[in-house]
Structures are given as C-alpha cells and as structure tokens.
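Here the structure is laid out as structure tokens; the discussion comes afterwards.
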Amino acid sequence: MVEVHAFCDIGLSDYDGVLLDQFGVIHDGKKALPGAIRTVKKILDGKIEIVILSNSSVRASGTHLRLKSLGFPADRFLGTITAGEHAYNSIKSQIEAKTLGRKCLWLGRLPGREVYDTYTQGLGIEAVSTAKEANFILLQGTEVVGRDSHSEKVVGYSFRKTGEIKGELRNFIQEAVKYRVPLYCLNPDRISLTPDGSHQYVQGTLAYAYEDALRAAGVDNPSRLIHLYGKPTKEAYEMCLDIFQKRGIQKNRVIMVGDSMEHDIKGAENGGIESVLIASGIHNNQALIPANSFEKSFTLASLASFGVWSVLPLLVKRPIGSQAAAIGLVAATFVVGSILRVSQRSRKGKMEDLSMVWTTGVEGLARSFGTRPTYVMNRFLW
C-alpha cells in the first residue's frame, strides 16, 4: 500500500485504462470536486482510457448526462457502467427468459422520477402496490412504497437520516417476508455522502435489513432472495473490463480509483486489478492521511535518534537507578527510531509501507474489510 499525494505520482506508464468511481471521488452529487475535472482531462490527454463504474441506481445514459452537466468531458469516456444499468440488463434478461414475472413492487424516490422511467418503459413491468401481488421488488429508493401503482405510500419519515425500519418500511418488510418476494437492489451501498460531507443511509441498508428479517423468519439461505448489483460484484468489473478489452486493453493495464474499501477496493481485488483509495470520500474521518505524514515520521525518527545520543553522555554521571531508567529510555527511543526509519523506505519517492505510519487510519480500514488498495491518496488530484 503506497501513499501518493497526486495521481501523477502513480507510475501511469504501467496503465492504459482507469476505472473511475464518481460520488466522493470526482463530484459530490451537485458539483465537481476541486481539481477533479483537471485530473480527468490530464488522464485522457495522456492517452489513458476512462470507464466510469458507479453504484448509482441511475442507468448509464442518465449518469453520462449528469457528468456532462457537471463539466466533465463525458463524451471522451470509453463507457459507463452503473449498478442501475447492471440491474436493468439482468432483470430484462430474466423477464425475456420468463424466469421472472412482470409484476413489480417498486420502492422509489421523490422527486426526480423521470430518470428512472426507463426501468418501467424498457422492462414493460406492471407496478403493483403490495408484496402479495408482486413477482419481485425493485429497490430504487426509500421514499415511496408501491411507486406508479394505484396505491403509492409515501414513507412518513427520512430513512436516509435515521436508517430506522419503522412505519411504511416496516410494514413493507413484514409483508415481503411473509410472501418470500425476491428483492432487486439497484444500489448496494449501505451509506453515501451528501454534498455537505455528512453520511446518509441508502438502499443497501434496507436490502440487508430485509435479508436479516428473512433470516429471523427461518428462511433458509435468505441471500438467494437478495439480488445486489454493481460493485463489488465480479460481474460488474467484468462488464467494464470487456469494454477495455474491445479497445485492446488488458486487465493488468487497468487500475480502479474509488473511495470505498467495501465496494471499490474489494471489487477491484475480486476483478483482479490494482486500485487507488481516495481517503477523503466515504471513509473521510476514518481514513484521511495527514498531508505531512512523511515529514512527521521523519521528524520523529530524527528525534528518536537524537534522544539516544543526547542521553548516552548522562549515563556515566547518574546513580545506578537513574542509569537503569536512562538505559530504558535509550532502548525505547532506539526502537521507535528504527521503526520509523523503516517507514521512510521509498518507491519512486513515495511511502512504501503505510503500516509503519501511525498517523493514518487506512491500515485499520484495510484490516476491517479484508482488502488493501495498491495506492492511497487524500483527494483525486493531478
């Protein structure tokens, strides 16, 4: 795991393709993040292709238009894969194969429904208002139960703020469990960032709550009824790698850039490619790397070494007890100095082993999620 302070510090000659996340990496949902547009253009100008891979529930065409509206050169991207597009293709193929019925209990969002109309229009689904009537549940949002049906139920509280299962959502889960209805989740994220940097609960949290309720009801292997799309599934990465392959770019020449250990970094590992973690994204307070972490470790190492040499001359002038204490201090400072010197090993001028840098929480996150990025940087800057 290598710490870099700018994207150009990565050995870009090793890559021909970048898989790029959007929320928390290049924009916050309302505006481009500082330096992101410039970095994207620099990558493209360097003859490196970009494919967007996002867990957005919006289909690829909607994501393309959004990125253009934010100022990104989306027309120059090689392609776009979203969790919404991944889900759409899967559901469409199942309906066409007649392995899935068309009656759908749609959990949606308010407002902005027009970007999701392609699901109903393209799939030819029939919206119903109860789980009892449904062949499947389409989880696109958490604000309306029975979207487009004759009996929509607006959720009377903000699930995004609380993450609580109550009221209309509790009733929905209880009925869905009773009839064992399969759920198709268009965004597997449990939480997401808001433009002000705070966190909110999203579709993945509700999907996992439904799985827990199925398990509590004694359903064997409840995960078989939960269909998650996008990252970190291997299939989502394979869809992107196929786009690169058609341009003659092999997966060992592709790198993923994202802000989620659970989805971006684990997914890249599942897909067999290297990755960059953007620490200021979804993990923000847990993973931010101090800008002077290298200098701080160097200073501490220097001070530790200085402590050894400054204490030694005093030993001969002290009583036995004080000598023992001083020897202990010498030993401790020597160990600290040795450890921190290891952290200064560099690779092309960059930190080589973040596990030796006490100032970052990335290592703890990596252990928690059982995966490690190839590189880590604070923000997506050139």
Side-chain angles (χ1 to χ4, degrees), residues 55 57-59 83-110 113 116-160 162-191 201-230 233 235:
N55 272 355
S57 57
V58 180
R59 289 190 63 192
E85 189 72 23
H86 184 191
Y88 175 86
N89 291 333
S90 174
I91 294 169
K92 186 173 186 291
S93 64
Q94 292 176 62
I95 289 177
E96 289 175 348
K98 301 188 184 305
T99 58
L100 183 67
R102 295 180 181 272
K103 293 184 177 180
C104 167
L105 176 61
W106 184 6
L107 273 71
R109 297 170 70 175
L110 289 173
R113 55 151 300 147
Y116 301 99
D117 282 345
T118 51
Y119 284 99
T120 53
Q121 294 168 359
L123 297 174
I125 58 178
E126 176 187 346
V128 297
S129 58
T130 65
K132 181 179 180 180
E133 305 169 81
N135 298 124
F136 68 101
I137 299 160
L138 187 67
L139 177 53
Q140 172 259 317
T142 59
E143 297 163 0
V144 181
V145 178
R147 183 95 220 209
D148 266 12
S149 70
H150 65 275
S151 181
E152 291 187 349
K153 298 180 183 67
V154 176
V155 176
Y157 68 101
S158 176
F159 174 82
R160 286 175 169 257
T162 68
E164 295 178 303
I165 307 298
K166 60 183 183 180
E168 294 82 7
L169 293 181
R170 181 184 59 214
N171 295 339
F172 147 71
I173 284 182
Q174 288 175 343
E175 186 183 38
V177 167
K178 180 179 179 180
Y179 293 102
R180 310 295 197 256
V181 187
L183 180 146
Y184 291 75
C185 181
L186 305 190
N187 181 344
D189 291 354
R190 302 167 192 255
I191 58 172
Y201 297 93
V202 288
Q203 294 98 307
T205 296
L206 186 59
Y208 286 110
Y210 180 45
E211 182 178 351
D212 289 342
L214 288 166
R215 185 176 293 106
V219 176
D220 292 333
N221 189 22
S223 61
R224 64 186 168 83
L225 294 174
I226 311 296
H227 302 269
L228 302 176
Y229 295 94
T233 67
E235 184 179 19

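For Lys132, there are no salt bridge (charged side-chain N to carboxylate O under 4.0 Å, His left out) partners, not counting sequence neighbours. Here Gln94 pairs with Ser90, Tyr184 under the side chain to side chain donor-acceptor pair (under 3.5 Å) rule; sequence neighbours left out.
Shown are Arg160, Lys153, Arg109; of these, the salt bridge (charged side-chain N to carboxylate O under 4.0 Å, His left out) with Glu143 is made only by Arg160.
Side-chain atoms of Leu214 and Ile226, non-hydrogen and from C-beta on, do get closer than 4.5 Å to each other. With contacts defined as side-chain heavy-atom distances shorter than 4.5 Å, the pair Ile125/Ile95 qualifies. Between Leu169 and Leu107 the shortest side-chain heavy-atom distance falls below 4.5 Å.
For Asn221, the CG atom counts as densely surrounded, since its 6.0 Å shell holds more than 12 non-hydrogen atoms of other residues, nucleotides or ligands. Under a cut-off of 6.0 angstrom, the local environment of NZ in Lys103 is sparse, with at most 12 non-hydrogen atoms contributed by other residues, nucleotides or ligands.
Contact between Arg224 and Asp220 at its shortest, heavy atoms only, is NE-O, 3.1 Å. Here the closest non-hydrogen pair linking Glu211 and Pro222 is O-CB, 3.9 Å. Thr233 and Leu228 get closest at one heavy-atom pair: CG2-O, 3.9 Å. Residues Arg190 and Thr205 share a closest heavy-atom pair of O-OG1, 2.5 Å. When all heavy atoms are compared, the tightest approach of Ile137 to Val181 is CG1-CG1, 3.7 Å. The shortest heavy-atom contact between Val177 and Ala213 is CG2-CB, 3.7 Å.
Without hydrogens or angle criteria, Tyr157 side chain to Thr162 main chain gives no donor-acceptor distance under 3.5 Å. For Gln203 (side chain) and Asn187 (main-chain N/O), no donor-acceptor pair under 3.5 Å exists by modelled atom type. Side chain of Glu168 to main chain of Val144: no donor-acceptor pair is present (N/O by atom type, distance under 3.5 Å, no hydrogens or angles).
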Side chain to side chain contact (heavy atoms under 4.5 Å, CB included) assessment of Leu206 paired with Ile165:
CA-CA 8 Å; Leu206 186 59; Ile165 307 298; 3.5 Å; yes
Evaluate the side chain to side chain contact (heavy atoms under 4.5 Å, CB included) criterion for residues Ile91 and Phe136: first the C-alpha distance (whole Å), next the side-chain angles of each, then the deciding distance (0.1 Å), finally the verdict.
CA-CA 10 Å; Ile91 294 169; Phe136 68 101; 4.3 Å; yes
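Below 30°, between 30° and 60°, or above 60°: for Tyr229 and His227 the angle between ring planes is below 30°, a parallel geometry.
Among residue pairs with one or both ends in residues 204-226, none qualify as ring-ring contact (aromatic ring centres under 6.0 Å, His included); sequence neighbours excluded.
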